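All heavy atoms count here, side chains included; hydrogens, waters and symmetry mates do not. Model, not experiment: these values are computed from the prediction.
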Amino acid sequence: SDSLFKNFKAQFNNFFLNTDIGFQHQLIVSMFCRIYEPGKTIITHGQKFSEMYFISKGSVIFYDSKGVTPFLQLPESSFFGEY
């Protein structure tokens with residue numbers, strides 16, 4: 001039933017908008033939770049994305065190629081890795 005995933009889909013509505021219900025459910029049941037400590041590097045500069053990341057709590061900061069200057073901060077309910 002669609003109501004099982006209602007809260008998660010609502011949080012990331014901008015991602016799930018205009019996608020098939022079957023795709024939505026298959027993606028959600030294929031996910032697993034990861035919790036990163038503050039300051040932890042998730043992806044290093046130049047590394048290709050192999051996964052999608054959905055930010056349900058906290059935020060993610062992107063830094064320049066030297067890892068010094070922040071240039072983008074993604075808040076809760078954002079996602080990245082789709083490129």
Check: What closest approach, in Å, do S77 and Q11 show between heavy atoms, and which atom pair accounts for it?
Finding: OG-CG, 3.0 Å
Item checked: Mutual orientation of the aromatic rings belonging to F62 and F80 [parallel < 30°, tilted 30-60°, perpendicular > 60°] -> perpendicular
Next item on the list: Identify the two heavy atoms, one from I43 and one from F49, that lie closest to each other, and give their separation to 0.1 Å.
Entry: CG1-CE2, 3.8 Å
Check: Do the side chains of V60 and I35 join up, straight or via other hydrophobic residues, at under 4.5 Å, putting them in one cluster?
Finding: no
Item checked: Co-membership, hydrophobic cluster, residues F15 and L17, 4.5 Å side-chain -> no
Note to self: Taking CG in L72 as the centre, count heavy atoms belonging to other residues, nucleotides or ligands within less than 6.0 Å. Is the count above 12?
What the structure shows: yes
Margin query: Counting C-beta onward and ignoring hydrogens, is there a side-chain heavy-atom pair between Y53 and Y36 closer than 4.5 Å?
Written below: yes
Notebook entry, point to check: Could you give all pairs that pass the salt bridge (Lys or Arg N to Asp or Glu O under 4.0 Å) test and reach residues 35-63, with sequence neighbours left out?
Noted result: R34-E51
Notebook entry, point to check: Among the clusters formed by ILVMFWY side chains lying less than 4.5 Å apart, do F71 and I42 turn up in the same one?
Noted result: yes
Note to self: Ignoring hydrogens, what is the shortest heavy-atom contact between G58 and I55? Give both atom names and the distance.
What the structure shows: O-CG2, 3.6 Å
Notebook entry, point to check: Under 3.5 Å, side chain of Q73 to main-chain N/O of S59, donor-acceptor pair present?
Noted result: no
Next item on the list: Report the distance from atom CG of L27 to atom CZ of F8, rounding to the nearest 0.5 Å.
Entry: 7.5 Å
Next item on the list: Give the minimum heavy-atom separation between K9 and I28, together with the two atoms involved.
Entry: CG-CD1, 3.5 Å
Notebook entry, point to check: Is I61 reachable from V68 through a run of I, L, V, M, F, W or Y residues, each pair having side-chain heavy atoms under 4.5 Å apart?
Noted result: no
Next item on the list: Measure across F16 and T19 and return the closest heavy-atom pair with its distance rounded to 0.1 Å.
Entry: O-OG1, 2.6 Å
Checklist line | M31 side chain reached by F54 side chain, heavy atoms, under 4.5 Å | finding: yes
